[in-house]
Each structure stands twice: as structure tokens, then as C-alpha cells.
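Have a look at the structure below, then the notes.
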Number of protein chains: 2
Amino acid sequence: MLIQMQRRGQNLRASLPFRGRFPWLSMVYSAAANAEDMSVMVETRSPANPLFLRDEELRQGIELMFYAYRDFTFESDQQLKRYQLGRAHHRALYFIGRHPGQTVGHLLSILKVTKQSISRVLKDLLEQQYVEQKSGPRDRRERRLWLTEKGQVLERELTDRQSQRFARAYRETGADAVEGFRKVMLGLLDPAERIEVDKRVRGAGR
Amino acid sequence: MLIQMQRRGQNLRASLPFRGRFPWLSMVYSAAANAEDMSVMVETRSPANPLFLRDEELRQGIELMFYAYRDFTFESDQQLKRYQLGRAHHRALYFIGRHPGQTVGHLLSILKVTKQSISRVLKDLLEQQYVEQKSGPRDRRERRLWLTEKGQVLERELTDRQSQRFARAYRETGADAVEGFRKVMLGLLDPAERIEVDKRVRGAGR
DNA sequence: CTAAATAGGTCAGTATTACTGACCTTGTCA
DNA sequence: TGACAAGGTCAGTAATACTGACCTATTTAG
């Protein structure tokens, strides 16, 4: 196998259409938590260096994230078109169904969008009676959100495609893999989010 | 405790009204594929229903996907703004870097967008000299793509944030979890894509 | 009781991404 | 030579999401 160093960026081309391996590594393994981590921070360019694997491994993660998300969203996006709705509507439906009676503010903190953004979506869903709202029992400024029956039906229809995808993946890979998946996904979150998300993910709504 | 969330400029208070807990019961994995398929189709409203666990588990996966992707893209999106570029530019840069010398058509098949969509992005990147192209050596209709030095620098800068996120997650969870993560992510792909993606993910640029 | 803060909505303007459809050039190949 | 493939381009549309400014009810702190 030919591994070509690419220092100039120019010489690789022409002759090697699809063969260029990129040994641009370096880095990453962390801001050094201990001595072991330190060792991998050492500068190196050699393809023989185990660091290549590191970088390679991390890029695999990045790519899996891209590919999985791409396929994961595709089917329900198709379904949404039939209702003249978009992915944002699905997200809102999903999380309203997941946390019945939650406030608009809570929904915003999950989706991390602006209220102007959610506003359009919520308006559509309210108008078409997929969602209903009531003011909060204690604080009447709040608008608490619920799916209507109609909304529950739609939400299930949309989510089922994704659930089935997960069911297939989980079945094919087994319990240990699923546990690993769960851990890594939680590990990818912003640290500040983890506890909240872990709680939300585990303990349904309410 | 007040958690201040101001990622997107809006003042989102974290009113966390819904902390309730559903006991996280251990997962039930029957090897029986048929029985499991049923579970996602069956109405599972009652917490007493054992199928509830199944549905619950699958929804956890869906949510982890949402949350992880949300946080995974956030940092590099911020960085991209400084260059007046968008996420689509990053994706193009990433995959051109990953598969140097690939054709436009190959890039399209990875991103799964239309050529009109990629066209704008590629035009920007070519104009700003992050990317360069050459016609294919055998088939001169093809345009093969490479990152320039400048493009490589930018791509690394953008990708590093994501790599570091993965590095942290991998470090915190360990090799077994990573392997499980990888398996599940591959399992989420459209079956028709798996072999290709697995190949692409493992063996850099072929 | 009043003032400030909070929950939520709304108007206006902009940017990005991505789509469909039509049409074009260049090049390959049977 | 003619069909077809790779790629580009023009035009129009839609969805998502952003900033900024301003508005109404309510709640709450001093």
C-alpha cells in the first residue's frame, strides 16, 4: 500500500485519483487529563504512529454521525411532506408528546431555538389542531402544551419509522452494543446538558 | 438552581418543571425478532404494559440522536459563522478532505443532495480557494476535487471541535462502548448503504 | 403597592439550505 | 452519429432559523 505524505497539497493530485490517504493527524486526544493522555499529544507525522489510528477513529465517529443522522431523518421527512409539515413540526410534536403539559419555555430549552422560530411551528400545529394549550394552573403566564388525539396519531405515525429503525439496529447488535451506544451518545453532549438529558431520556415525561 | 442557557442569544430560563421519574428498568432483549417487531406496532399507553419498556427504549434512542446531533454540530457552526460559511460548506470540505480527488458525483452520492444544492457551496469554496478541481484523467467530464492548503487548514479547524468531542466521549466510555456505538450507528443506516459506508468509514479515501 | 422581571407572542427583515424543472455544454462510447 | 453521462446554470419556491424591537399579561420582590 502506498501512503503518500502530503506536505504541499499540490503533488498528490494528478497521479493518484482516489488513493490519497491523509496522514494529517496530530492531536486531539484531549486536553491532557493524565500522563497517558499527554503522550498522545506529542507532535507526530509518521503514518506508522498509532496516533493515526486515533485521528482515524475519531473521524469514523464523525462520519457515522453524519450518515446515521442522514438516514435516520429521511423517512419521516418524506412522510411529513404529505402533511405539508417540516422536520421542525415533527420535533415539536415529538417533544410535546414526550412531555405532556410542558411549557413553551421548556420546549425551547430542549430544542434550543428561538421563540420566534418555534412560534411559526406551534401556530401551524395549533391551527391544525394537532396540539392544544392551556395556561398553567399556578402561573397563568405559562402556556402548557398537549397533543390532541389527532396529534398523537400523527406523532406516532412519524415516530414509528424512526422507532422501527432503532428496533432493527438494536436487534441486530444486542444489549451490550446498545449500552455502549447510549454511553457514547451521552458522552457527546455538552457536559452541562448531560444530567438533564439523561434524566429526560430515562424518565419519560412528567 | 438556575441554569443559564443563552446559547442562542435568547434568554431561556431553565424552568425545569418536569423532573418526574419513570423507573429505568433493565432492558429485555429477546432474540426473537418477530416478537420484538410487534412491540413497536402495539399500542403501549399503559405503564404497566411490558411493551412500554420497548417503546420507551426506542424513544430513548431517538432522543439521544437528537440531543447528540444538536450539540455535535453547534460548535463548528459557530466557527463557520466567522468565515461566513454554513454547515453545508463544512460537510463539503470534510468529505473532499476525506476522499481527495473524488468526483462531484461521488460527493453528491455521499451528501445526498441535488447538484444545484452543492453547486452554490462548491462555487463559494472554489472562489475562496479552499478547494480546487481538475478534470478526470480518463474521463474528462469529471471534475475531481481537492482541498488546497488553505482548505486543509480550515477543515481541520472546523473538524477539530468535533473530533475533540468524540475524543472526550470515547475516553470517558471506553473501547467496548465505542464498539457498541459503532455497531448501532451502522445498524441505523439504510441497509443498502451499509456496506458502502462501512468501507468508506474504515478505509479513509479507499 | 409599585416596579421589575418573567412567560410568551408578534412584526419585520435577512440568511442558509435545499428543492423542482428546464435547459446547456462537454465528453464518452456503442 | 446519436444516445447518454458528468456537470453546470437559471429561475422560482419553501423551510428553517436568526437578530432586533416591541407588546401584553402576570408574578414577585422590595
Side-chain angles (χ1 to χ4, degrees), chain A residues 17 66 69-70 73-74 76-78 80-92 101-109 111-127 131 133-145, chain B residues 2-17 66 69-70 73-74 76-78 80-93 101-109 111-127 131 133-145:
Chain A
F66 167 77
Y69 196 79
R70 182 196 67 181
T73 51
F74 184 77
S76 36
D77 281 1
Q78 291 301 103
L80 282 157
K81 272 190 211 155
R82 295 208 259 241
Y83 293 93
Q84 311 255 64
L85 299 173
R87 199 184 290 179
H89 297 93
H90 184 193
R91 287 201 289 258
Q102 78 184 324
T103 62
V104 172
H106 187 238
L107 183 58
L108 286 178
S109 80
L111 300 178
K112 296 237 176 103
V113 295
T114 58
K115 61 183 176 178
Q116 295 92 327
S117 282
I118 207 64
S119 154
R120 172 187 54 87
V121 169
L122 233 35
K123 199 168 148 189
D124 292 344
L125 296 177
L126 286 164
E127 270 169 12
V131 168
Q133 57 180 7
K134 286 185 209 153
S135 31
R138 282 211 293 268
D139 187 336
R140 294 199 334 269
R141 290 171 304 182
E142 293 174 348
R143 309 264 162 108
R144 286 169 180 268
L145 303 167
Chain B
L2 185 83
I3 296 177
Q4 196 80 6
M5 305 209 188
Q6 47 186 5
R7 288 176 82 157
R8 310 263 157 108
Q10 287 276 327
N11 52 335
L12 307 170
R13 297 139 300 294
S15 46
L16 316 166
F66 167 76
Y69 196 78
R70 181 196 68 180
T73 50
F74 184 77
S76 37
D77 281 0
Q78 291 301 103
L80 281 158
K81 273 191 212 155
R82 296 208 259 241
Y83 292 92
Q84 312 255 61
L85 299 172
R87 200 185 288 178
H89 296 93
H90 184 193
R91 287 202 287 260
L93 280 173
Q102 79 185 324
T103 63
V104 171
H106 187 239
L107 183 57
L108 285 179
S109 78
L111 299 179
K112 296 241 178 97
V113 294
T114 58
K115 61 183 175 177
Q116 295 92 326
S117 282
I118 206 62
S119 153
R120 175 187 50 88
V121 170
L122 233 35
K123 198 167 149 190
D124 292 344
L125 296 176
L126 286 164
E127 269 169 12
V131 168
Q133 58 180 5
K134 264 196 168 182
S135 32
R138 282 210 289 268
D139 186 336
R140 290 195 340 267
R141 289 171 303 180
E142 294 172 348
R143 310 260 163 110
R144 285 165 182 269
L145 304 167

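Just so you know, these numbers use all the heavy atoms, side chains as well, and skip hydrogens, waters and symmetry mates. None of these values were measured; they are calculated from a predicted model.
Judged by atom type and distance alone, A/Gln116 reaches the base of D/dG20 through a side-chain donor-acceptor pair under 3.5 Å. Side-chain atoms of B/Gln133 stay outside donor-acceptor range of the base of D/dG7, with no qualifying N/O pair under 3.5 Å.
Between the CZ atom of B/Arg120 and the P atom of D/dG12 there is a distance of 18 Å, given to the nearest Å. Look at CD on B/Glu127: it is 10 Å from P on D/dT9, rounded to the nearest Å. For the pair A/Lys112 NZ and D/dC18 C1', the computed distance is 17 Å after rounding to whole Å. At whole-Å resolution of the value, CG in A/Leu122 and C1' in C/dG9 are 11 Å apart. Going from atom NE2 of A/His89 over to atom C1' of D/dA14 covers 12 Å, rounded to whole Å. What separates CD of B/Glu142 from C1' of D/dC4 is a distance of 15 Å, to the nearest Å. When rounded to the nearest whole Å, the span between CG of A/Asp124 and P of C/dG9 equals 13 Å. Taking atom CG on A/Leu108 and atom C1' on C/dG9, their separation rounds to 11 Å, with Å as the unit.
The side chain of B/Arg91 has C/dA18 as its nearest neighbour among D/dC18, C/dA18, D/dT9. Counting only heavy atoms from C-beta on, B/Lys115 has its side chain closest to D/dG8 among D/dT16, C/dT20, D/dG8.
Contact annotation for A/Arg87: backbone-only contact, meaning every heavy-atom pair under 4.0 Å involves sugar-phosphate atoms and none involves a base.
Looking at B/Thr103 and B/Arg143, their side chains never come closer than 4.5 Å, going by heavy atoms from C-beta outward. Between A/Leu80 and A/Asp77, some side-chain heavy-atom pair lies under the 4.5 Å cut-off. Looking only at side-chain heavy atoms (C-beta outward), A/Leu122 and A/Leu145 come within less than 4.5 Å of each other.
Nearest-nucleotide positions on DNA chain C for B/Val113 and A/Val104 put A/Val104 closer to the 5' end. Toward the 5' end of DNA chain D, the nearer of the two residues B/Ser119 and A/Gln84, judged by each one's closest nucleotide, is B/Ser119.
Taking CG of A/Leu107 as the start and CZ of A/Arg144 as the end, the distance is 13.0 Å to the nearest 0.5 Å. Note that CG of A/Leu85 and NE2 of A/His90 are 10.5 Å apart. Values are rounded to the nearest 0.5 Å. The line from CD of A/Gln102 to OG of A/Ser109 is 8.0 Å long, rounded to the nearest 0.5 Å. Atom NE2 of B/His89 sits about 9.0 Å away from atom CD1 of B/Ile118, to the nearest 0.5 Å.
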What are the atom names and distances for every N/O pair under 3.5 Å that joins the protein to nucleotides 26-30 of chain D?
from	atom 1	to	atom 2	distance (Å)
D/dT26	O2	A/Arg141	NH1	3.2
D/dT27	OP1	A/Arg138	O	3.3
D/dT27	OP1	A/Arg140	N	2.9

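Under 4.0 angstrom from either OP1 or OP2 of C/dC19 there lies at least one side-chain N or O belonging to B/Ser117. Within the 4.0 Å cut-off from OP1 or OP2 of D/dA17, not a single side-chain nitrogen or oxygen of A/Thr114 is found.
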